[in-house]
Amino acid sequence: MRFLRLRWLPVLFVPGILLISSHALAADLTLDEVVRGLDTLWVLIAAFLVFFMQAGFGMVEAGFIRAKNTVNILMKNFIDYGVASIMFFIMGYAFMFGNGSGFIGTEGFGLSNAPNPSGVSLYAFFLFQAAFCGAAATIVAGAMSERMKFRSYLMYTVFISAVVYPIVGHWVWSGAGWLSSMGFADFAGSTVVHATGGFAALAGVLFLGPRIGKFGPDGSPRAVPGHSLPLAALGVFILWFGWFGFNPGSALAVSNGEKIALIATNTNLAAAAGAISAMITVWIKYGKPDLSMTMNGALAGLVAITAPCAFVMPGEAIVIGLIAGIIVVYGVLFLDYVRIDDPVGAIPVHGFNGVWGTLAVGLFGHRSLGLAHEGLFHGGGLTQLGIQALGVAACTLFVFVSMSAVFYFIHSTFGLRVSRDEELRGLDIDEHGMEAYSGFQVFTTQ
Amino acid sequence: MRFLRLRWLPVLFVPGILLISSHALAADLTLDEVVRGLDTLWVLIAAFLVFFMQAGFGMVEAGFIRAKNTVNILMKNFIDYGVASIMFFIMGYAFMFGNGSGFIGTEGFGLSNAPNPSGVSLYAFFLFQAAFCGAAATIVAGAMSERMKFRSYLMYTVFISAVVYPIVGHWVWSGAGWLSSMGFADFAGSTVVHATGGFAALAGVLFLGPRIGKFGPDGSPRAVPGHSLPLAALGVFILWFGWFGFNPGSALAVSNGEKIALIATNTNLAAAAGAISAMITVWIKYGKPDLSMTMNGALAGLVAITAPCAFVMPGEAIVIGLIAGIIVVYGVLFLDYVRIDDPVGAIPVHGFNGVWGTLAVGLFGHRSLGLAHEGLFHGGGLTQLGIQALGVAACTLFVFVSMSAVFYFIHSTFGLRVSRDEELRGLDIDEHGMEAYSGFQVFTTQ
Amino acid sequence: MRFLRLRWLPVLFVPGILLISSHALAADLTLDEVVRGLDTLWVLIAAFLVFFMQAGFGMVEAGFIRAKNTVNILMKNFIDYGVASIMFFIMGYAFMFGNGSGFIGTEGFGLSNAPNPSGVSLYAFFLFQAAFCGAAATIVAGAMSERMKFRSYLMYTVFISAVVYPIVGHWVWSGAGWLSSMGFADFAGSTVVHATGGFAALAGVLFLGPRIGKFGPDGSPRAVPGHSLPLAALGVFILWFGWFGFNPGSALAVSNGEKIALIATNTNLAAAAGAISAMITVWIKYGKPDLSMTMNGALAGLVAITAPCAFVMPGEAIVIGLIAGIIVVYGVLFLDYVRIDDPVGAIPVHGFNGVWGTLAVGLFGHRSLGLAHEGLFHGGGLTQLGIQALGVAACTLFVFVSMSAVFYFIHSTFGLRVSRDEELRGLDIDEHGMEAYSGFQVFTTQ
Amino acid sequence: MKLVIAYIRPERLNVVKQELYKRHIFNISVTNALGSGRQRGFVESYRGVEIEVNLLKKVRLEIAVNDEFLAPTIEGIKAGAKTGQIGDGVIFVVNLEECIRIRTDETGSVAIG
Amino acid sequence: MKLVIAYIRPERLNVVKQELYKRHIFNISVTNALGSGRQRGFVESYRGVEIEVNLLKKVRLEIAVNDEFLAPTIEGIKAGAKTGQIGDGVIFVVNLEECIRIRTDETGSVAIG
Amino acid sequence: MKLVIAYIRPERLNVVKQELYKRHIFNISVTNALGSGRQRGFVESYRGVEIEVNLLKKVRLEIAVNDEFLAPTIEGIKAGAKTGQIGDGVIFVVNLEECIRIRTDETGSVAIG
Ligand SMILES: Nc1ncnc2c1ncn2[C@@H]1O[C@H](COP(=O)(O)OP(=O)(O)O)[C@@H](O)[C@H]1O
Ligand SMILES: Nc1ncnc2c1ncn2[C@@H]1O[C@H](COP(=O)(O)OP(=O)(O)O)[C@@H](O)[C@H]1O
Ligand SMILES: Nc1ncnc2c1ncn2[C@@H]1O[C@H](COP(=O)(O)OP(=O)(O)O)[C@@H](O)[C@H]1O
């Protein structure tokens with residue numbers, strides 16, 4: 001157990017000296033320490049917000065599925081974050097930020113002697129990163145919902161949070177990864193978190209197959225409406241709120257505030273634009289403004305701005321968000337068309353828009369904002385765009401292949417999917433022995 | 001596209017120099033920059049909290065109406081914030097804070113060359129203000145709920161966020177408005193945000209008329225109970241939470257912390273007092289403590305303390321809150337009496353208490369806390385009270401008249417109200433083609 | 001009314017000088033003032049998060065009970081926070097932090113001339129402490145839910161927030177209490193807040209008796225499933241989020257960030273571990289992973305880490321959380337066994353794990369992290385553990401005895417329990433005259 | 001004695017109740033139901049997929065009446081429920097052999113209301 | 001064969017079920033219902049407006065029985081549902097012409113339970 | 001005219017509807033119900049306490065048919081609802097004395113569908 005060298009002792013339980021010690025405190029700090037304290041505080045607050053996104057994911061996913069599987073998805077939500085927290089502590093952090101090769105880190109297990117690439121307290125940096133890891137893990141729950149065994153989900157969670165996510169993270173964010181060496185830029189994780197989650201989900205649903213009744217005998221898609229749009233709406237608001245930690249927090253420092261303010265503004269504008277463009281797209285195509293698509297549009301805008309949030313200006317953020325909203329609508333339709341069943345739209349939102357956001361860096365990014373090369377639309381040619389394309393391709397491919405292996409392994413040992421009867425009756429009763437809405441009359445005919 | 005001159009480059013994707021650069025960071029900052037960074041961070045966090053109020057508004061409004069119109073209100077909630085974000089970026093900010101006349105600003109469209117009256121990053125200030133604009137816009141949704149066309153709501157949203165709200169804001173907060181020149185004080189927006197929203201709502205419901213069944217053939221009011229008080233309760237908690245950004249954030253600086261701490265404490269005490277006094281009032285009048293009124297009471301306290309939060313002491317905040325709780329109960333009764341149908345109580349909460357809060361500045365305000373004149377109860381006579389009365393009268397009148405024009409225009413072009421059949425069946429099915437609670441058995445007999 | 005000497009005037013309404021004054025601001029502040037400002041800001045943000053826990057408590061409690069008593073529990077939730085805010089302002093703070101004896105403070109009523117043992121603004125410190133007081137009060141609502149009169153609950157709330165909680169707080173946190181003089185350490189309130197709430201609840205339910213139908217004629221416990229697990233899940237997420245204010249905020253200063261980062265990380269890991277171990281325990285015992293227990297496990301981990309969060313390292317936090325998760329499961333079973341009816345598990349979560357967390361300080365605590373003596377497992381022998389045991393015993397005993405007196409008094413004057421008929425029909429209709437889910441078909445057969 | 005069962009539009013329930021009150025029929029029981037009849041459903045679309053909703057929300061009334069009240073009951077329901085548009089619903093009449101009021105042990109005609 | 005329909009107070013369902021079990025009647029179907037009868041509703045007030053709730057929550061039982069079980073069924077329901085206060089509910093008996101058990105294709109008496 | 005009442009598994013509703021459509025029976029009414037029959041419930045456990053759930057979710061159909069449609073209706077329900085496992089449900093047939101279509105004032109056979 002290492003000791004932290006703290007500059008001050010906890011004062012609350014030391015009677016008498018209380019007033020003196022705490023007042024003396026300030027004087028003892030240098031400007032440097034204050035800056036470090038401020039930056040640490042900011043990263044912590046951002047981590048809290050990113051943690052809170054877990055509630056957002058839970059509510060969105062629960063709201064978009066049927067009542068009979070709600071306990072199951074909430075359980076997955078709690079436990080994937082729990083497992084991710086612990087696994088990332090034990091080994092994920094070491095694989096991601098430890099010194100090692102360009103492929104994987106190999107130092108800092110259990111945070112002991114763990115390198116700290118940030119300017120803030122190691123623990124704050126860890127907590128922030130652990131919350132990211134939990135987010136990547138939980139994205140998959142929604143796509144595989146309503147039919148996946150809880151036990152197998154637990155196993156999946158261990159793999160993604162302990163190994164797969166940290167490896168991708170190492171490539172891009174460790175400072176020693178092969179992708180970052182090339183100048184690949186993913187400011188807050190369109191690729192590292194969202195495309196990783198989205199493509200892991202894609203691998204998963206391909207193994208799992210669609211829910212009973214999602215596609216008619218002729219293969220035509222059928223709607224399986226979510227059981228509580230208010231819950232889903234709340235979830236989207238919570239996610240949007242949490243994203244203000246996710247993106248600006250990734251700056252890892254407050255500095256004079258300019259950068260984090262720009263990032264926050266970009267984040268908000270892209271989300272707003274995504275919601276609006278998804279609404280318009282679906283309105284034009286189907287004659288009615290669809291709430292569930294509008295909400296997916298907002299999330300799509302948020303995912304898309306995640307990589308470029310620090311490298312573009314607000315007007316560009318709006319454009320990125322507008323395109324994201326269109327992508328998500330057509331993405332949902334495309335999955336229906338190819339008969340892939342993703343109950344909550346995790347793949348279009350996080351997968352497709354994770355890719356879009358990463359590429360957008362190469363299109364709209366500014367060197368003046370810290371990018372290696374000027375983006376295509378600012379005369380920088382295809383260099384940055386090429387790097388971005390390569391990076392996102394490499395990451396999604398790696399995730400898809402490795403997660404396919406994981407799912408194949410689970411599939412052939414414990415099985416991924418519950419029985420037909422369990423699926424029809426709902427996972428809550430068979431997997432958890434309880435109902436989400438005891439006492440309510442809920443139609444379980446579909 | 002302008003370039004920001006940032007003091008430091010994003011470090012995450014620049015391998016190698018990572019450790020050095022981030023550690024070097026602190027040393028590079030002057031105390032001034034650190035203060036600016038801290039203030040910007042605070043304004044950003046406050047902006048996030050104000051954004052989160054959008055979720056609170058959504059849940060309160062949804063919970064207080066019937067299940068069959070829930071999708072519609074949530075949709076309005078998302079989209080008004082989305083539209084407000086974008087419109088305030090394109091022109092609202094320019095009208096509000098741009099240089100121009102005492103009536104309206106005319107500079108800084110799309111934030112380019114936008115003046116920044118604050119000591120924090122322009123983007124942080126913008127985001128904070130944009131979230132305020134969204135709040136003003138969304139207040140109206142609740143009052144006009146269960147019968148207003150979505151399309152027309154969209155149109156309304158554009159007007160209020162692009163033009164009407166920014167004009168009022170210019171008068172009071174731009175530093176160049178005619179009202180602020182007179183010494184009118186509205187610290188965080190009892191008038192600018194809440195009375196604006198409340199009186200726009202009043203104009204709206206007068207054009208719209210009451211819901212079918214709200215008043216009996218003899219004109220006696222009938223209760224139309226909200227479909228989910230837990231959702232509404234959550235919404236109130238979220239709003240209360242968000243108000244801790246709304247009011248203390250309006251200080252726009254941390255300084256030595258005294259002011260924001262006072263404001264936060266006042267905000268909390270007024271809300272608590274409002275809840276308690278509304279509960280007692282309704283308990284005495286009707287024999288039972290009514291949860292929905294108690295929640296409105298808390299919101300009333302919050303609205304009322306918004307203008308005076310920085311100018312009064314905690315004991316005074318309690319008094320202001322107590323009176324707010326009484327006002328909201330009688331306000332609801334009054335509207336029922338004059339047959340105005342406001343399903344969620346937006347007019348009493350935001351309109352009436354917005355006025356009350358603004359006047360309270362003139363009654364309880366202290367010069368020592370930065371007010372131009374001592375309040376009436378501190379021997380300052382009627383000067384400040386008079387200015388406050390004039391200011392709130394001018395603003396509400398302007399809002400009422402201009403929004404009446406807007407609603408009249410929409411009314412006579414697209415129509416404001418859905419058809420009788422649609423209203424009876426619920427707006428969710430006809431306007432959006434989906435239900436909020438698919439699978440649940442919900443009585444739609446009322 | 002005292003005047004605050006503020007360094008700067010509110011600038012928003014002072015036209016003209018706006019730009020100058022706010023820019024001049026920074027230069028006027030010394031490093032000391034900036035540190036004070038930063039610390040105040042942090043304590044305020046922490047207070048906001050602790051306030052938000054009220055929503056979490058409300059949702060957890062509502063979700064875990066039957067629909068027919070939901071309005072009642074939400075009402076209790078709002079009003080206990082409201083009453084606690086006001087009472088703590090009027091006298092609670094004075095009893096807790098005022099100068100006086102080692103038993104109780106007697107100075108600073110209404111915050112006038114109130115001593116401020118912290119290094120931050122008095123108002124920030126007050127708000128943070130008031131939110132803690134509200135949390136202690138609201139814990140009891142859940143345990144006594146579904147059968148306690150609202151009127152009597154109101155009365156109870158006054159007692160606990162004005163007198164009982166402040167006395168315990170004085171002993172431990174005032175700097176002058178007899179327990180803190182002995183070296184008793186409860187960093188953020190496992191004893192002061194949680195055990196206090198839990199043992200007050202225990203006293204309450206003993207007077208109140210179990211709900212009709214909770215125990216069969218033969219005394220065997222029956223399940224009374226909660227009506228909305230999604231609501232409860234959201235509540236747990238909100239509580240977890242709020243705990244990031246509760247624990248790290250108790251440091252009352254940012255300093256260089258190391259301490260608050262460690263605390264936040266410990267808090268998160270203990271919660272994760274508690275969720276996982278509760279899930280595993282219940283899975284092994286009953287064959288299925290029970291969501292409601294898993295959520296209680298997360299809360300148990302949070303309660304348990306509250307006292308030791310600043311004195312232990314992350315690995316130890318995990319162990320503390322793991323044990324907490326087991327304690328909560330067996331605690332629930334134990335209460336069923338002795339026929340004590342606690343609908344939401346407040347006593348095992350807050351009471352039993354409050355004790356466990358307090359003792360854990362004596363087992364795992366490090367002197368190097370500021371504890372008076374090394375914990376048992378670090379070779380410090382039984383000294384600290386003994387102090388901890390004494391402290392938690394004294395506090396819980398005091399709470400249990402004094403609250404028994406309070407409940408006995410209420411019981412023999414106004415009565416604690418609603419009539420049998422009211423209980424069967426649900427408290428919402430009889431006590432508040434309204435239903436939580438108007439329009440929904442809810443089975444009220446149980 | 002007859003048992004009258006009727007399916008009506010939910011939004012007409014209040015009017016039907018009033019019409020029945022006018023005719024001194026106070027005792028009724030109501031359940032939520034879904035119905036498919038001549039009325040075509042409406043088309044919802046959810047996330048880009050159309051759903052034809054052909055089970056529409058209806059309210060089911062069950063009213064036990066003495067024979068002399070059968071005609072007014074039917075009349076009352078018709079008066080309240082008719083809009084003239086598809087979906088107004090149906091009334092079924094079944095013979096009621098016995099009726100027992102639990103509280104009073106009354107049986108037969110006198111127990112009905 | 002008879003079809004017994006009963007409206008009872010929701011909170012009496014468990015007791016009624018036990019009384020029926022005692023009499024060897026195990027097969028029942030239950031639906032949620034709202035009822036208006038002799039029992040006056042209670043007055044709720046919501047946001048200062050009073051509402052007289054005159055549709056009270058009831059539970060509807062439907063039990064198909066062979067003739068020899070009719071008396072015990074009625075007895076059981078009465079035993080379990082009676083509180084003596086207004087609102088206890090009613091029992092209706094309708095003639096049942098045919099009963100078919102889907103799983104076994106049994107019909108008539110033997111199919112009932 | 002007959003009134004056919006059936007209790008089926010909720011998840012079989014869509015299939016039953018299709019089977020009825022095939023047989024030209026389009027008008028049906030559906031309610032949510034809970035049932036206890038030969039099928040034993042399942043055991044849930046909530047917070048360490050076991051609950052035997054012996055009221056299972058069922059769906060109740062009510063279909064008024066003319067006599068010549070009785071057989072196909074029963075057939076259709078059986079075809080759609082049968083799984084062969086305990087819990088498939090039952091069909092009850094009651095005599096229907098009168099049927100009135102509210103919109104059209106039609107009565108008797110012609111009113112049924
Ligand atoms: N033969 C029937 N059996 C059962 N329910 C029926 C029957 N015919 C109609 N209904 C019920 O009546 C409702 C209204 O019937 P519908 O044919 O739509 O109305 P209408 O013919 O009056 O326009 C249906 O939704 C259904 O619930
Ligand atoms: N004639 C009737 N037709 C249909 N339902 C009835 C009739 N009479 C009573 N009920 C049902 O029985 C319930 C209890 O009736 P009520 O008159 O309140 O009880 P009681 O007479 O036993 O005190 C009612 O709420 C209603 O659901
Ligand atoms: N005699 C009866 N009276 C009323 N409802 C019945 C009766 N018998 C069966 N049911 C209904 O049918 C459902 C299925 O009955 P069950 O005995 O479980 O099925 P099966 O015998 O076909 O396996 C029950 O849940 C109940 O709703």
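Interface check for chain B: of the options F48(C), F126(C), Y81(C), F89(C), the most heavy-atom pairs under 4.5 Å are formed by F48(C). Each of G58(C), G82(C), A55(C) has some count of heavy-atom pairs under 4.5 Å with chain B, and the biggest count is that of A55(C). Counting heavy-atom pairs closer than 4.5 Å to chain C, the top residue among G257(B), A272(B), A261(B) is A261(B). In terms of heavy-atom pairs under 4.5 Å with chain C, the best-connected choice from F440(B), W42(B), W240(B) is W240(B). For the set N77(C), D428(C), I238(C), the count of heavy-atom pairs under 4.5 angstrom toward chain B peaks at N77(C). The greatest number of non-hydrogen atom pairs below 4.5 Å with chain B, out of L49(C), I73(C), I79(C), is found for I79(C).
The minimum heavy-atom distance between P230(B) and M59(C), with the atom names listed, is O-CE, 3.8 Å. In terms of heavy atoms, P289(B) sits closest to M75(C) at CB-CE, 3.8 Å. The two residues V83(C) and I276(B) make their nearest non-hydrogen contact at N-CD1, 3.8 Å.
For L74(C), the parts sitting under 4.5 Å from any heavy atom of chain B are the backbone and the side chain alike. Of the atoms belonging to T70(C), it is side-chain heavy atoms, and not backbone ones, that fall under 4.5 Å from chain B. With a threshold of 4.5 angstrom between heavy atoms, A62(C) does not approach chain B through any atom at all. Contacts of I90(C) with chain B are absent, with no heavy-atom separation under 4.5 Å from either backbone or side chain. Residue contact with chain C, scored on non-hydrogen atoms closer than 4.5 Å, is absent for I263(B). Using a 4.5 Å cut-off between heavy atoms, S228(B) contacts chain C through both its backbone and its side chain. Neither the backbone nor the side chain of V43(C) comes within less than 4.5 Å of any heavy atom in chain B. Contact annotation for A273(B): both backbone and side-chain heavy atoms come within less than 4.5 Å of a heavy atom of chain C.
Taking the side chain as every heavy atom from C-beta outward, V254(B) and T40(C) never approach each other to under 4.5 Å. Inter-residue side-chain proximity for H432(C) and T294(B) is flagged as unmet; no heavy-atom pair is nearer than 4.5 Å. L291(B) places none of its side-chain heavy atoms less than 4.5 Å from the side chain of N72(C). Put simply, the side chain of F78(C) reaches to within 4.5 Å of the side chain of V236(B), judged on heavy atoms.
To the nearest 0.5 Å, atom CD1 of residue I260(B) and atom OG of residue S121(C) are 8.5 Å apart. Atom CD of E33(C) is separated from atom CG of L31(B) by 10.0 Å, given to the nearest 0.5 angstrom. Between the OG atom in S438(C) and the NE2 atom in H227(B) there is a gap of 9.5 Å [rounded to 0.5 Å]. Here the straight-line distance linking atom CG of D32(B) with atom CG of L29(C) works out to 9.0 Å at 0.5 Å rounding.
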Candidate pair Y123(C) and M313(B), rule side-chain contact (heavy atoms from CB on, under 4.5 Å), full reasoning: CA-CA 11 Å; Y123(C) 291 119; M313(B) 298 300 292; 3.2 Å; yes
Check against ring pair (Phe, Tyr, Trp, His ring centres under 6.0 Å), F51(C) and F244(B): CA-CA 10 Å; F51(C) 159 77; F244(B) 287 126; 5.6 Å; yes
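Aromatic pair F150(C)/W283(B): centroids less than 6.0 angstrom apart.
Side chain of K288(B) to main chain of I429(C): a donor-acceptor pair is present (N/O by atom type, distance under 3.5 Å, no hydrogens or angles).
Sorted by first and then second residue, the ring-ring contact (aromatic ring centres under 6.0 Å, His included) pairs with a member in residues 57-77 of chain C read F57(C)-H350(C); sequence neighbours excluded.
Considering N268(B), T267(B), N266(B) as possible partners of L127(C), the one that fulfils the side-chain contact (heavy atoms from CB on, under 4.5 Å) test is N268(B).
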